[in-house]
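Right, one structure below, let's go through it.
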Amino acid sequence: MNDTSQRVDFLLDALTREEKLRLVSGRTDPDGTATGYLPGVDRLGVPEFRLVDGPLGVRAEGKRATAFPASIAVAAAFGPELAREMGAAMAREARALDQDALLAPGTNLIRVPHCGRNFEYYSEDPVLASRTTAGAVAGIHDEDVIATVKHYVANNQETDRVRVSSEVDERTLRELYLRPFRAAVEADVGSVMTAYNRVNGTHMSDHERLVGDVLKGEWGFDGYVVSDWYGTESTVGAATAGLDLEMPGVPVGTEDTDPESDWEWPAGDDLEGEAAEIMGGLPDGTKAGLFGDPLAAAIDAGEVPADRLDDMVRRLLGQLDRIGRLEDEGGESGSGDGSSKSDGELDTPRHRRLAETIAARGTVLLENDDALPLGEETDIAVIGPNVHEARLGGGGSSETTPFRSTSPVAGLRARAAGEVAVARGVDSVPDLSLFDVLPFVGEGEGEQLADEPTTESVGIDASDPSIDAAVEAARDAAAAVVFVRDRTTEAKDRDSLRLPGEQDELVAAVAGAADETVVVVNSSGPVELPWREDVDAILEAWYPGQADGAAIAEVLYGDRDPGGRLPVTFAPEGAYPASNERRYPGVDGRAHYEEGVFVGYRHFDRDDVEAEPTYPFGHGHSYADLSYRAASVVDDRTVRVTIENAADRSGREVVQAYLRPPYSSPVDRPVRELAGFESVELAAGETRTLELELESRALGRYDAEAGWTIDPGTYTVELARSARDVRETVSLEVDSENEV
Ligand code: BGC
């Protein structure tokens, strides 16, 4: 028996039933910083336990932390190693803020381009999402903090998220939506959060088949399953299905949560417009406290097996021990290195640098008609409604408050050697947040944010915005750099893929006047760019976080090659597969995933789909001149290809390997599926041969009867710069003996 199980067994023997029940149901954090809290059991050395939001940084109430780029930007870097570094940095910050578990990463696949949380997720593709997830999970655990992968599963829209049932067949679940969660389990994630939605009629907290059978049984997950906040459906159903921890465990509006507050949970019908829409995406905050006493009663009534409670506590304590928070009888701490919570670090130079590196690495150069990189001495006009503030993220539980941030104006002023004029053009696009509807958040007992953040935002243009003034500034400069953005929050989807307000008019007007127009888009996912043929360059910078202006200046001036590639297809609204009401947002409470596995590029590649992507999955230019040659097969899981950079500058390439299945497959399979990738930096004139490892599950397909199945035959491996830009192909002979 190892030390962990000895310590946990000892505690399971020593804890009373009351104490065990208190360990599976959240309480309010007396310090007011944590998103979720358990008081621990002092007499036995079980410490307090704090869970805190991510995934864009640590959101401890009343505290600042590094605001990292949005998850979709991390995925755009096609760099699981960066996700790992970011996970580790967030975990160090969590420790510095006295937190034990991070409610990150979020890894729902991007099915619907409108989803209000796409910025918190990684990709439409399961291999990219899985590898990025595995990196983030490993990084968080590297620093002895528990990672919580969320939201399990098929939580792909915010509209009606707490009621909707995702109607999805087994093959689609297995080939797409479950895969990043399985990758998290394979990366030894400590916790899984269940989603608010139902799957095929059953609420995810109560989903015995997906939680009990698949996650814990088939995949052997041995950590704990936590509910989403106020997302526990029932006592018996959840306990039987395999939920281990109810959060937050106490209803809002009671003495327990906030004795001072006379605030009441808003009745949806009091609200209008956006607030009403957000309300529709909120859980019922008065419904909590389903574990604890009700669980005791259910055990007494024989409705929940008695040893289920021990199993819940064992799983939780096992993770606490893993991160070094438990002491054994001799006072020795557990297996992690985390015996002392005093370490960790916050807002250190290396975290700031990492936030900047990821923002630049995730930036995608969608178009470039030789306008970029900007010349050193070029006079520029920085234009856009929000150029004086960094784009930190969307609204909701991932909102991180940084110590410092760099606006586009400040970043460009600091970098430019030429003149920098500034014009806002149109009214600023206001942020949108579910916390506008939930005023109690941020008013807890936590220390309030007294200090002012350092906002590098020099050169504020205080005049009333006008398109004419912007056009004039653009005309006087050699290049106009226009920043545009969308508006998103958890609990509400975007109504449209168009940019809000008059931003499209602004870009069109500037493009008509300027010699060169460069547009920087800050968006949560796909947006429509109706002026795209009239401008000279477009960068998709997502939500870059606190380093915004600094990172974008590096890319604009070519100090760094734009390292990002699209983790999601950009296409006209209406061309995506979930574009009818039945599929999204659903009818009668059901969203029918009738497109099956044909999501994202898998849809646009189909013969019968006429719509073309505006920018395909995997797309993004480099400033260098990269070419591919000499692809070959190394073995049945590895291919080799040579990349050359003929430019006199360094550049970053994301080499993508897609698999095309044999024609003889008995079922309709996607034309191609991403099976591997690697992001590499090549020096000027450098030639390098890379070996890419292919994901074994990309070879397979899921058969409802037989499980994962390999169709034997000749597969084609495409070495490509995007799903639509194949540079080399090789054949791979596969027999059915291969294991998935
Ligand atoms: C979100 C979770 C989050 C939790 C706690 C919920 O609204 O869906 O992602 O971790 O709140 O803030």
Side-chain angles (χ1 to χ4, degrees), residues 26-29 32-38 50-63 65 70-71 90 94 99-108 115-122 133 136 140 145-164 181 184 189-197 203-205 224-232 245-252 257 265 278-285 287-288 393-401 433-438 440-442 444 446 488-493:
R27 288 281 168 275
T28 303
D29 179 7
T33 62
T35 315
Y37 174 80
L38 292 172
R50 291 191 165 83
L51 303 85
V52 74
D53 263 319
L56 276 58
V58 177
R59 186 180 65 87
E61 289 294 330
K63 303 285 183 187
S71 310
M90 283 198 301
Q99 310 290 321
D100 306 293
L102 263 166
L103 304 173
T107 193
N108 294 100
C115 174
R117 294 186 92 171
N118 283 344
F119 70 94
E120 288 188 63
Y121 301 145
Y122 292 128
T133 301
I140 294 169
V145 167
I146 299 166
T148 312
V149 68
K150 65 190 189 183
H151 310 86
Y152 187 71
V153 62
N155 177 190
N156 307 104
Q157 66 188 58
E158 295 299 285
T159 303
D160 214 21
R161 69 170 167 168
V162 290
R163 281 169 294 271
V164 72
F181 292 94
V189 72
S191 177
V192 175
M193 186 192 291
T194 52
Y196 284 131
N197 53 283
H203 193 279
M204 276 312 303
S205 71
Y224 63 90
V225 177
V226 60
S227 71
D228 200 343
W229 267 234
Y230 310 107
T232 304
L245 177 57
E246 184 197 10
M247 277 292 163
V250 277
V252 292
T257 34
W265 193 251
I278 290 173
M279 197 62 214
L282 293 182
D284 178 356
K287 191 178 166 199
S397 55
S398 64
E399 283 173 42
T400 308
T401 312
S433 172
L434 71 80
F435 296 142
D436 303 338
V437 182
L438 290 181
F440 66 90
V441 178
T488 51
T489 180
E490 175 185 339
K492 178 188 174 318
D493 289 335

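For the numbers below, each heavy atom of this structure counts, side chains included, while hydrogens, waters and symmetry mates do not. Because the structure is a prediction, the values reported are computed rather than measured. Note that ligands are numbered from 1 as they come in the structure, with each ligand's atoms numbered from 1 the same way.
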Sequence neighbours excluded, which residues qualify as side-chain contact (heavy atoms from CB on, under 4.5 Å) partners of Ala65? Val58, Glu93, Leu97, Leu346, Thr400
Between atom CD1 of Ile278 and atom CZ of Phe435, what is the distance when rounded to the nearest 0.5 Å? 10.5 Å
Which residues pass the side chain to side chain donor-acceptor pair (under 3.5 Å) test with Asp493, not counting sequence neighbours? Thr159, Tyr584
Got a second to check how far Glu120's CD is from Leu56's CG, nearest 0.5 Å? 6.5 Å
Partner set under side-chain contact (heavy atoms from CB on, under 4.5 Å) for Asp228, not counting sequence neighbours: His151, Met193, Tyr196
Using a strict cut-off of under 4.0 Å between a residue heavy atom and any atom of ligand 1, list the qualifying protein residues by chain and number. Thr35, Asp53, Arg59, Leu103, Arg117, Lys150, His151, Arg161, Met193, Tyr196, Asp228, Trp229, Ser397, Glu490
Ignoring hydrogens, what is the shortest heavy-atom contact between Ser397 and Arg59? Give both atom names and the distance. O-NE, 2.8 Å
